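Report on one structure; see the data block that follows.
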Amino acid sequence: MAEDAPTTHQPLIDFVSEIAQLTTPDAIHWVDGSAAEYTRLTDELVEAGTLTRLTSPDFPNSFAAFSDPADVARVESRTFICSENERDAGFTNNWVEPGEMRKTLKGVFNGAMRGRTMYVIPFVMGHLEADDPKFGVEITDSAYVVASMRIMARIGTDVLRKIEELAETAPEKAFFVPAVHSVGAPLEPGQQDVPWPCNEDKYIVHFPESREIWSYGSGYGGNALLGKKCYALRIASVMARDEGWLAEHMLILKLTSPQNKSYYVSAAFPSACGKTNLALIDPTLEGWKAETLGDDITWIRPGAEGEFRVVNPEAGYFGVAPGTGWHTNANAMRAIAKGNSIFTNCALTDDGGVWWEGMTEETPSHLIDWQGNDWTPDSETPAAHPNARFCTPIDQTDMLAPEYFEPNGVKLDAILFGGRRKTTVPLVAEARDWNHGIFYGATLSSETTAAAEGAVGTVRRDPMAMLPFIGYDAGDYLKHWVEVSSAAAEDKLPKIFLVNWFRRNREGGFAWPGFAENTRVLKWIVERLEGTGEAVETPIGYTPTQQALDLSGLDVTDEDIEDSIKVDPAEWQQEIPLIEEWLESFGESLPASIAEQLDELKSRVAAT
Ligand code: GTP
Ligand code: SPV
Ligand code: MN
């Protein structure tokens, strides 16, 4: 079958033959990435019942998919970093000895694609014309994955040609990450397929040294679209450590002030904590402009002039649907309204569209929920799954910054770390310096969400919002953050801030209005970059006073603002032992500078 390969690149031909021999598919299809191919695949998926074509004119050329109810989010408990030494996976990852894992994978992948077509997707994360393009080839037996990958990454023939060209001119740059995916549901002759094939048994496996990805049993999001979390974060974080850069779970936002000065800001928030919303913000303050470059993943590389440069390696959004609405995120809604989207686990409306909680202010009187049941506003379960997602091309965004297309990115001015905390963490604080900022990131905490399986709402530490995505030892990762700063000139290092949109007031409601009103926090951050914003020094960094925040036209009480911005020493007294316990879990690999930051925090809080 490999004779039909539309390439002469031997490593790729060998990879495809090896996987075909192992998984024994009925056919091999080399994905060219064309529109005609997309149409054919989505037609087939409609035929198979995996996709429902939306007939509402509000969702042109778009489809709904409904997953198996047991396959709705990333499965962190089945995600593995199989480094040669257990120590190199670190305490935040599941580790299995690579030889043993390879044996297991050989077993589960053996014949796994029987009765199905094997698709070969050449892809590049980042720009094809980047100085050092990062290639991958995903082999999958899911046409849904192919269609979604076409939205999320640059795929197909152009990528293949570039790999071949580099193989001739600069062979070290032609490397591609081999990424194998199977839903783990082989079909016997004559066996009827199900709309969403998957397997109870799941493996999301990374071999960091050989830069390989093997994913089995799930068809959902970050488990299956292997360019996203598996490559652009877990494997890329290892590449980044080895090559002197950073692969991060961050959005990229361009902000332009009324004085027409532009700044680029990246923000790391854990899954389902507001990246897509902030990336697509509509400023509420006169004269301020926001444009987006990305909503989930940022690669940060040292530039030629002592600056850090950022790019978004992705080409689409895989955004949380619930809570995305015309009144909270109109920019996302406008991008979605242009069509060409795949919605997973949203509800179907009677006029052939999709709906989810928070999309419109008015709730439709009848829906088909994500599990195929009739639904009315009286129903007890949500119509859309809390981790329902829209998958939409990023170039449909009206407010897309033209710099999104710059192969080597833009200069980074500020980094925000944020989480979902009901107490303790103030609306915004500025770090005293780079290492203090790393301490913010290292101790970042958030209440868990529906983006991963498991309980929702318990506080967990999530370093740099990367807990499920660091492809190596977490202490080494923090050390890399400390060391990478030497690649930048001191005056060009981004300033680092801590934010929390989710703090509660005395009545238990959100103290801060959030969403578009976060503009006011961004304005203060820009003023700090410009050296004009007023701040007070607190034990945890510089914070704005009420007067320093532009609250003009905002309908909030002084009490609520006070509740959101305060640094309460009593709350921090309670927080310190939790931080201490967290940092102890790093053991020997905790960088000394982080331990020093903890001591400083302790003495500053004690002195208040
Ligand atoms: P992933 O795609 O999983 O990485 O998530 P994300 O970080 O992009 O999260 P997203 O922007 O999709 O937001 C997730 C949830 O947070 C949605 O339900 C939003 O309604 C809610 N949210 C976002 N911003 C704010 C805010 O400023 N305040 C409040 N209260 N909620 C917010
Ligand atoms: C996240 O969970 O952070 C996501 C969704 O962005 S997924 O692609 O499933 O990882
Ligand atoms: Mn994410």
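We count ligands from 1, going down the list as the structure has it; atoms in each ligand are counted the same way. Since we're looking at a predicted model, the values are computed, not measured.
Shown in contact with Ser271 at under 4.0 Å from a heavy atom are these atoms of ligand 2, numbered in order with element: 1 (C), 2 (O), 3 (O). Of all the atoms in ligand 2, the ones that sit under 4.0 Å from a non-hydrogen atom of Asp296 are 6 (O). Those atoms of ligand 2 with a heavy atom of His249 less than 4.0 angstrom away are 3 (O). Residue Lys228 has at least one heavy-atom neighbour below 4.0 Å for each of these atoms of ligand 2: 6 (O), 8 (O).
At least one N or O atom of Lys229 sits closer than 3.5 Å to an N or O atom of ligand 2. In terms of polar-atom proximity, defined here as any N/O pair under 3.5 Å, Gly222 does make such a contact with ligand 2. Among the atoms of Tyr220, none of the N or O lies under 3.5 angstrom from an N or O of ligand 2. The distance criterion of under 3.5 Å between nitrogen or oxygen atoms is met by Asn277 with respect to ligand 1. Close N/O approach between Phe269 and ligand 1 is not found [any backbone or side-chain N/O within under 3.5 Å].
For atom 6 (P) of ligand 1, the nearest non-hydrogen atom of the protein is Lys275 N, 3.4 Å. The nearest protein atom to atom 26 (C) of ligand 1, hydrogens excluded, is given as Phe515 N, 3.5 Å; this is a heavy-atom distance.
Within the 4.0 Å heavy-atom shell around ligand 1 one does not find Thr328. Judged by the shortest distance from any of its heavy atoms, Arg420 lies inside the 4.0 Å radius around the atoms of ligand 1.
Salt bridge present: Arg334 and Asp282 bring a charged side-chain N and a carboxylate O closer than 4.0 Å.
Aromatic rings from Phe176 and Phe123 are positioned such that their centres are separated by 6.0 Å or more. Taking the six-membered ring for Trp, Tyr440 and Trp481 have ring centres at least 6.0 Å apart.
Taking all heavy atoms of Ala279, Ala268, Ala272, Ser271 into account, the minimum distance to atom 14 (C) of ligand 1 is reached by Ala272.
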